[in-house]
Amino acid sequence: MITLTDIILEMRNITKTFPGVKALANVNLQVKEGEIHALMGENGAGKSTLMKVLSGVYPHGSYEGDILFKGQTCEFKNIRHSENLGIVIIHQELALIPQLSIAENIFLGNEQAKGGIINWNDTIVRTRELLGTVGLSESPSTLAGTIGVGKQQLVEIAKALSKKVKLLILDEPTAALNEEDSENLLNLMLAFKRQGITSIMISHKLNEIMKVADSITIIRDGNTIETLNVKQDSITEDRIIKGMVGRDLTHRYPDREAHIGDILFKVEDWNVYHPTQADRKVIDNVGFQVKRGEVVGIAGLMGSGRTELAMSIFGQSYGKRISGRLFKDGREVKLNDIGTAIDEGIAYVTEDRKEYGLILMDDIKRNTTLASLGKISKWFVVDDNREVVEAEGFRAKLNIKTPSIHQKTGNLSGGNQQKVVLSKWIFAGPDLLILDEPTRGIDVGAKYEIYTIINQLAAQGKGILMISSELPELLGMCDRIYVMNEGRFTGEVPKTEANQEVLMKYMTKGRR
Amino acid sequence: MDTAIKLFRSNIRQYGMFIALILIMLLFQFLSDGNLLKPLNITNLILQNSYILILAIGMLLVIITGHIDLSVGSVAAFVGAVSAIMMVNQDMPFPVAMVLSLFIGAAVGAWQGFWVAYVRIPSFIVTLAGMLLFRGLTMLVLDGKSVAPFPDGFRAISTGFLPDIPGEWNIHLLTVLLGAVMSIVYIFMEWRGRLIQQRYKFEVIPVPFFMAQLAALVIVINLFTYVLASYKGLPNILIMLFILVAVYTFVMRKTVMGRHIYALGGNEKAARLSGVKTKKMTFWVFVNMGVLAALAGLVFAARLNAATPKAGVNFELDAIAAVFIGGASATGGVGTVIGAIVGGLVMGVMNNGMSLIGLGIDYQQGIKGLVLLLAVAFDLYNKNKSA
């Protein structure tokens, strides 16, 4: 029986709104003392937001609802505040400073010092103890950047332990780890459980959850759906998937009648290695094809290699030792640099439009024409007037909401920025458009408009390759979906057979 | 009136530096009892600052791409030294020596561009090394001594004037005529641009303002040529500067290459993924800087009529200051050729004006430093207000 004293953490009716988006709506979470509690849901469901509320990244006052830790109401002002109570979060992206030693990293911000002078002997001794607990045999003075990702993760955990952790939060701890390191980490979590440390674990990997978790809370679209007790309720993977997906799909996607033509683009035996870690294979023997007029999806979790695949094809803009063959309209092409790729009619709409897609300090018209200045130039001299005409055309066609095309793109909303990026690539006149997360961070109305644009492009006989983390989006838009996991294609599903359960199964299919 | 205010507001960043330059000129005109704008002094001002302005053009491109070049003073000195060896010691004809010198400048630029663009060493470090390296080479080439004098033909690029139409005139007639011709060309170009914009049915500025703008520039051009004509006419170096400014303004504003340079400075990753050859472009920007540094070195040597081991010290700082006063952004992607020239003139007028009123070198340095700081602060303030 659950009694009140068993509950270490309770989050009640947490609501968090960002400008224009309700990220969390009355979310409830109860975590029992000494258990491993899994938090599951699709990308963007609100898991990370909830954990940021808990750890004080979003301070008290920026959300509604109550947090009770050990029966006490908490109003965290910052991370330091929650850490003092023993709530420690380890983020998805590792936060170690590669140029500092393991010991320096562990005690960063929490230095073993008296009067501002660091006691290095104490630091080293305590680091050895902590490393022992997490089963690392590295020297405390080793630089954090020189050890592997798996070991870095363990250093992060040692760092958490140094703060006298009561509640450990792990955000996708095994996302970047290989099989063996993942196994170690999971065993460590079980060991901590025996020592009485409570853990909350965010993960997409069903087999891991099944192995270690005691309870599972499922979040979908910012709402708590259910909390399952793994031991009592005899939970299966299918049961969890059903809780994570399952939503109304009608009329969120414009209708389209597909007219699918000949094979436009074909990839064979595509292999790519990591640009700095020479022996790490990022893309493993991938092959696929896109036909004219077809919208093809690539499903996969973050880190599965989707973006790396797209960029390595697009003029080898990612990776080393790239091998494999590319065919366009049946003719083999070599896309050795981005200029050639554009000339061959390939366009790549990047995932991160601010970092990789736009020149934020430049205006709409300059961004629109950047990839195809040749089209508005004579003898390499740009015709400013034609540029204005073209940019105005796209503003009208794509319904970019802005007072003027002389507006800096940095001042536009996410949806309008994405339309400018799309304008740029449509203006380049490609045959194949690779769209990487084309609707991320965009409101529902703009999403629908972007889907409509995608459908129009397909209707013109272009091929569309759409990468997305949102399964409903892929199911609503694509004629065929490839599923990717750990750099390989684990499945190919035609529209008629596709549903979220099937995709999720392929996406979480490990290397065994 | 509303339109006038609106036009002014939307262009304040563009006009801001012109206004600053005019205010500084008026200030020193007043303080120096009218000596600043005398024909002789205006001519001197141009001759004194020509090499900094040449450097500022190259530096502008470097800064737009998000880099910096600290070596230009040393490179200028080095090329000046090599040219002196060729012309003075080897008796090489000066046109041949000049062309060779420019090629040496290009080679120096290629050397630095290689390290910056392909090895990706920060330009600050590469050019700091270059600053030391080429200063050392200068001393080596000159053996620590000055080499002089240069042939007269070579000296004429810095000290000569455009010859006048034969005959007896009490003013330099050709200069006045050139001013008039330039005014006509300018009016024609503006008018033609306006017609084309109207054909595209774009909004154009109302006729009275258009006329006022034309009139203002025509008056400035002719007043300037008139002042020069009442001394010795157009200096050769001014003609060269004019051509450089015209060519680089055109390249940066109108050509695909110019667009790619701005894009590269604005967001290198996005530019690369849009097909801009970012490495190659960075490399050529440094080659260009090398050539212009060589040209500045030649101009300076010709003006001094000697190549000295200490030539060009602190030139890089003046050129960098000129570019930033002219509105370029330290993070790259922003800046204009005209801006850099105006920035260089602000520095030049201040140097000249402060010398005219007999201010000590100690005060001069300090005041210049403050002007640089305030100019950039003002620019940043405007940028934040408009965003």
Side-chain angles (χ1 to χ4, degrees), chain A residues 310-311 314-315 317-318 337-343 346-363 365-389 392 404 406-411 421 424-425 427-428 436, chain B residues 6 10-11 13 64-66 120 192-204 247 249-281 327-335 380 383-387:
Chain A
M311 287 182 73
F314 184 63
S317 48
Y318 172 89
D337 61 68
I338 294 166
T340 316
I342 296 173
D343 291 344
I346 318 286
Y348 172 57
V349 176
T350 51
E351 181 180 6
D352 183 341
R353 56 184 162 269
K354 288 190 174 157
E355 187 89 353
Y356 293 97
L358 291 170
I359 294 168
L360 295 172
M361 63 172 73
D362 273 350
D363 56 22
K365 58 180 189 316
R366 283 182 166 228
N367 273 289
T368 303
T369 56
L370 180 61
S372 28
L373 281 169
K375 290 195 173 174
I376 51 162
S377 312
K378 207 183 229 174
W379 299 106
F380 298 105
V381 178
V382 179
D383 185 339
D384 298 340
N385 296 318
R386 273 181 61 196
E387 178 170 54
V388 171
V389 172
E392 277 293 352
S404 141
H406 308 294
Q407 184 80 20
K408 279 186 188 172
T409 50
N411 298 339
V421 180
K424 170 168 81 177
W425 289 113
F427 184 47
D436 199 348
Chain B
K6 220 175 81 191
S10 62
N11 288 307
R13 273 194 76 194
I64 286 176
T65 54
R120 297 194 77 87
R192 187 168 156 268
R194 189 182 166 88
L195 277 189
I196 292 174
Q197 289 198 324
Q198 279 173 334
R199 203 181 308 147
Y200 276 102
K201 299 200 168 45
F202 295 160
E203 207 181 314
V204 288
V247 167
T249 301
F250 178 77
V251 167
M252 293 309 284
R253 278 182 53 180
K254 290 281 187 181
T255 66
V256 173
M257 191 172 30
R259 286 299 183 80
H260 281 185
I261 292 173
Y262 279 113
L264 159 64
N267 182 346
E268 185 179 352
K269 293 173 197 161
R272 189 171 83 95
L273 286 172
S274 300
V276 176
K277 295 190 165 52
T278 50
K279 286 180 184 175
K280 203 170 130 187
M281 204 52 93
S329 155
T331 48
V334 178
L380 218 61
K383 225 183 282 183
N384 291 338
K385 213 172 57 178
S386 70

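Quantities reported herein were computed from a predicted structural model and do not represent experimental measurements.
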* Is the number of heavy atoms from other residues, nucleotides or ligands within 6.0 Å of OH (B:Tyr200) greater than 12? -> yes
* To do: Answer yes when A:Asp384 and B:Arg259 have at least one side-chain N-carboxylate O distance shorter than 4.0 Å, and no when they do not.
  => yes
* Structure fact -> Bottom line for A:Glu392: the part with an atom under 4.5 Å from chain B's heavy atoms is neither
* **Portion of A:Trp379 that has a non-hydrogen atom of chain B nearer than 4.5 angstrom** => neither
* **Side-chain touch A:Val381/B:Phe250, heavy atoms, less than 4.5 angstrom** => yes
* Evaluation steps, side chain to side chain contact (heavy atoms under 4.5 Å, CB included), between B:Leu273 and A:Met311 -> CA-CA 9 Å; B:Leu273 286 172; A:Met311 287 182 73; 4.2 Å; yes
* Asked: Which bit of A:Thr340 is near chain B, if near means a heavy-atom gap under 4.5 Å: side chain, backbone, both or neither?
  -> neither
* Non-hydrogen side-chain atoms of A:Asp362 and B:Asn267 separated by less than 4.5 Å -> no
* To do: For chain B, find which of A:Leu360, A:Asn367, A:Leu370 contributes the most heavy-atom pairs closer than 4.5 angstrom.
  => A:Leu370
* Structure fact -> Assert top hit (heavy-atom pairs under 4.5 Å, partner chain A, pool B:Gly333, B:Gly275, B:Ser274) equals B:Ser274
* May I ask you to test the B:Phe202-A:Val388 pair for a side-chain heavy-atom distance under 4.5 Å? => yes
* A:Ser372 portion near chain B, given a 4.5 angstrom heavy-atom threshold -> neither
* Asked: For A:Leu358, is it the side chain, the backbone, both, or neither that has a heavy atom closer than 4.5 Å to a heavy atom of chain B?
  -> backbone
* Structure fact -> On a heavy-atom basis, the closest approach of A:Val382 and B:Val256 is CG2-N, 3.7 Å
* Asked: Should we say atom NZ of A:Lys375 is surrounded by more than 12 heavy atoms from elsewhere, each under 6.0 Å from it?
  -> yes
* Structure fact -> Turns out that what part of B:Arg272 lies under 4.5 Å from chain A's heavy atoms comes down to both
* Go through the atoms of A:Asp343 and report whether side chain, backbone, both or neither lie under 4.5 Å from a heavy atom of chain B. => neither
* Side chain from CB out, backbone as N, CA, C, O: work out which of these in B:Val276 comes under 4.5 Å of a heavy atom of chain A, or both, or neither. => side chain
* Taking the side chain as every heavy atom from C-beta outward, state whether B:Lys277 and A:Asp337 have any atom pair closer than 4.5 Å. => yes
* With rounding to the nearest 0.5 Å, note down the distance linking CD in B:Glu268 to CD1 in A:Ile359. => 10.5 Å
* **Residue part contacting chain B, namely of A:Lys424, when any heavy atom lies under 4.5 Å** => side chain
* B:Arg194, CZ: over 12 other non-hydrogen atoms inside 6.0 angstrom -> yes
* Atom group of A:Ser317 that falls short of 4.5 Å from chain B, counting heavy atoms -> both
* For A:Gln407, is it the side chain, the backbone, both or neither that has a heavy atom under 4.5 Å from a heavy atom of chain B? -> neither
